[in-house]
Structures are given as C-alpha cells and as structure tokens.
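When reading the values below, keep in mind they use all heavy atoms of this one structure, side chains included, and skip hydrogens, waters and symmetry mates. This structure is a prediction, so every number in the text was calculated from the model and none was measured.
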Amino acid sequence: MGTVLINGIDVKYKKDKTIYELAKGAGINIPTLCHLPKRDVRAVCRICVVELVGKPGLVSACSTKAVEGMKILTHSDTVLRTRKVLAEFMLAEHGEMTRKDTIFSELAESLGVDFTRFILPKQDLSHYKAIESEYIKLDISKCIHCDRCIRSCSDRNVITRKGFGMTVAMAFDNDVAIDDSSCVQCGDCIQACPSGAISAA
C-alpha cells in the first residue's frame, strides 16, 4: 500500500495501479479517447496526460503506474493547454465534425475546442475499398487512429490496421468487405468508436 497526492488529495493505492485508475477511484475525471476498460493499454491519444510535480514533461495517466510520493496535477494550466492542442490536431485530422454526439465531439466541447489552427495534408484513402455492410457503416475520414475498434475486437482479431503514415486505415481481415470477412457484426466496434468512423448503418 502506498500514497500519492492527486490535486492536493491523498490517495492510497495498491501496487500496479495506474494514475488513471487512482484518479477515477477518487472521483477525479481524467479525459480519455483511446482508453478501453478491461483491454490492453495503448496510450496513443495522449489526451489523459497529467503533470508530475518536479518532473519534466507530461505523462499519460492510463499507462503510468503510481509510485509512492508522486504529486500529480490532472488539470494544471500546462495539462489543459496540451489537451487542447492535441484535440486540435485530432480535429485537423478528423475533418469537420458533422456528428455532435460522439465521444470525440463531446471531449472537444469540454476542452473548449470548436475549431483547429492546424492544417494537415489530406489523408490518401484512394486505396481504400468500400467495405461497408448492411449493418455497419464506415467513414474512414473520421478515424482518429485510437485503436479502440481493434482492441474491442481483440477476442476475434477481425479488425486491423493497414498502410502507413497518410495511408493508414482500419481493415477487416485481409482488407476484404465486411460481409466477406470473419466479422460476426456484434457491434462492439460501433460501441467503442469515439469519432463516428464506425456506426450503425
């Protein structure tokens, strides 16, 4: 058993607990996009960054284990500025938010982000096949590469990534149509997607 200080509050912990888990248990909300409960941690979105007093830089709360004596700030000015910049980059990659009911749009709104200062090269999706099904609709331009769909499907390993850099996209099995893949259309990926890239048809 140990103790860390989160926003000035003493929080006791058992070993192998992350900062995110401790904060959540203490009723302190740390926003996340890529985090998926009971699945492996990827720490790709970095929205959950927090500040460790006396340490340089920021760390991801979902992947950083608590250490005795840590002094953690979850909503310092530095943390909030960083989260806003990260959300702006995602918005630049995501494109215009036509849906306002996604996890990503709600997060952006909570951070006060409704536009982006950044312009990113348009993602090359010319190689991407139309692989929608009767039940699942895909809009790859809205994908923010958080890997939640991949991890939600980790029991079946149907959804993967293909390509690199500006050509990266999700794929089903060996890049086949959903109806030709081993997808059972359970809907887990729809529930997991935070940006509307995968939705019900």
Side-chain angles (χ1 to χ4, degrees), residues 18 20 30-49 58-64 82-111 113-133 136-178 181 183 186-200:
T18 64
Y20 175 79
I30 297 177
T32 65
L33 275 176
C34 69
H35 183 71
L36 205 55
K38 299 182 181 179
R39 299 288 178 172
D40 63 308
V41 174
R42 294 287 178 92
V44 293
C45 76
R46 314 303 288 184
I47 286 292
C48 71
V49 291
L58 303 176
V59 299
S60 59
C62 71
S63 64
T64 303
T82 301
R83 287 178 185 159
K84 286 182 178 182
V85 169
L86 289 168
E88 282 194 55
F89 271 117
M90 288 182 200
L91 185 58
E93 182 179 44
H94 187 289
E96 182 180 355
M97 284 191 296
T98 54
R99 286 186 57 184
K100 302 297 184 182
D101 61 343
T102 65
I103 295 170
F104 176 58
S105 64
E106 290 173 0
L107 170 69
E109 183 179 0
S110 73
L111 293 172
V113 174
D114 56 8
F115 74 97
T116 179
R117 296 164 288 170
F118 308 113
I119 299 175
L120 298 178
K122 186 173 178 60
Q123 187 179 16
D124 179 12
L125 298 173
S126 60
H127 66 297
Y128 196 78
K129 297 177 182 177
I131 59 173
E132 295 182 5
S133 78
I136 299 175
K137 180 179 179 181
L138 302 179
D139 186 345
I140 303 307
S141 66
K142 288 184 169 56
C143 180
I144 57 174
H145 312 303
C146 65
D147 288 354
R148 282 173 60 119
C149 61
I150 295 171
R151 287 151 59 220
S152 73
C153 193
S154 61
D155 294 338
R156 293 169 291 278
N157 292 316
V158 179
I159 306 176
T160 60
R161 279 193 188 205
K162 71 167 186 173
F164 299 94
M166 293 305 294
T167 67
V168 69
M170 74 181 82
F172 286 71
D173 284 339
N174 294 315
D175 193 19
V176 298
I178 294 175
S181 75
C183 174
C186 64
D188 285 352
C189 59
I190 295 172
Q191 294 296 318
C193 180
S195 65
I198 308 178
S199 59

Kindly write out the residues that satisfy side-chain contact (heavy atoms from CB on, under 4.5 Å) with T116, not counting sequence neighbours, or none if the list is empty. E88, L91, A92, F118
Sub-4.5 Å side-chain heavy-atom contact between C45 and H145: no
Under the side-chain contact (heavy atoms from CB on, under 4.5 Å) rule, collect the residues that match up with L107, sequence neighbours excluded. P31, L33, I47, S110, L111
Kindly compute the distance separating CD1 (I150) from SG (C34), expressed to the nearest 0.5 Å. 12.0 Å
Would you check if the side chain of R117 reaches a backbone N or O of V85 as a donor-acceptor pair within less than 3.5 Å? no
Taking A61's backbone N and O only, do any of them form a donor-acceptor pair with T64's side chain (distance below 3.5 Å, no angle check)? no
Report yes if some heavy atom in the side chain of D188 is under 4.5 Å from a heavy atom in the side chain of D155; otherwise report no. no
With no hydrogens and no angle check, is any side-chain donor or acceptor of S60 less than 3.5 Å from a backbone partner on C62? no
Would V158 and C153 satisfy side chain to side chain contact (heavy atoms under 4.5 Å, CB included), going step by step from the backbone distance to the final call? CA-CA 6 Å; V158 179; C153 193; 3.6 Å; yes
Taking salt bridge (Lys or Arg N to Asp or Glu O under 4.0 Å) as the cut-off, I'd like each qualifying pair that reaches into residues 191-200, sequence neighbours left out, listed once. none
For a salt bridge (charged side-chain N to carboxylate O under 4.0 Å, His left out) check, start with the C-alpha distance between D173 and R156, then their side-chain angles and the critical distance, and finish with the verdict. CA-CA 10 Å; D173 284 339; R156 293 169 291 278; over 6 Å; no
Sequence neighbours excluded, which residues qualify as side-chain contact (heavy atoms from CB on, under 4.5 Å) partners of C193? S195, A197, I198
Can you find a pair of side-chain heavy atoms, one from I159 and one from R151, that are under 4.5 Å apart? no
Going by the side-chain contact (heavy atoms from CB on, under 4.5 Å) test, name the single residue among L58, V113, I30 that passes it with R83. I30
Less than 4.5 Å apart, side chain to side chain, heavy atoms only: is that true for C143 and M170? yes
Just how far is it from atom CD1 of I103 to atom SG of C146, taken to the nearest 0.5 Å? 8.5 Å
Can you tell me how far the SG atom of C48 sits from the OH atom of Y20, to the nearest 0.5 Å? 8.5 Å
I'd like to know if the side chain of R148 reaches the main chain of C189, judged simply by a donor and an acceptor atom lying under 3.5 Å from each other, with no hydrogens or angles considered. no
In terms of side-chain heavy atoms, does S154 have a donor or acceptor partner in R39 at a distance below 3.5 Å? yes
Sequence neighbours left out, what passes side chain to side chain donor-acceptor pair (under 3.5 Å) with T32? Give chain and number order. none
Those residues that, when tested against D147, pass salt bridge (Lys or Arg N to Asp or Glu O under 4.0 Å) (two or more places apart): R42, R161
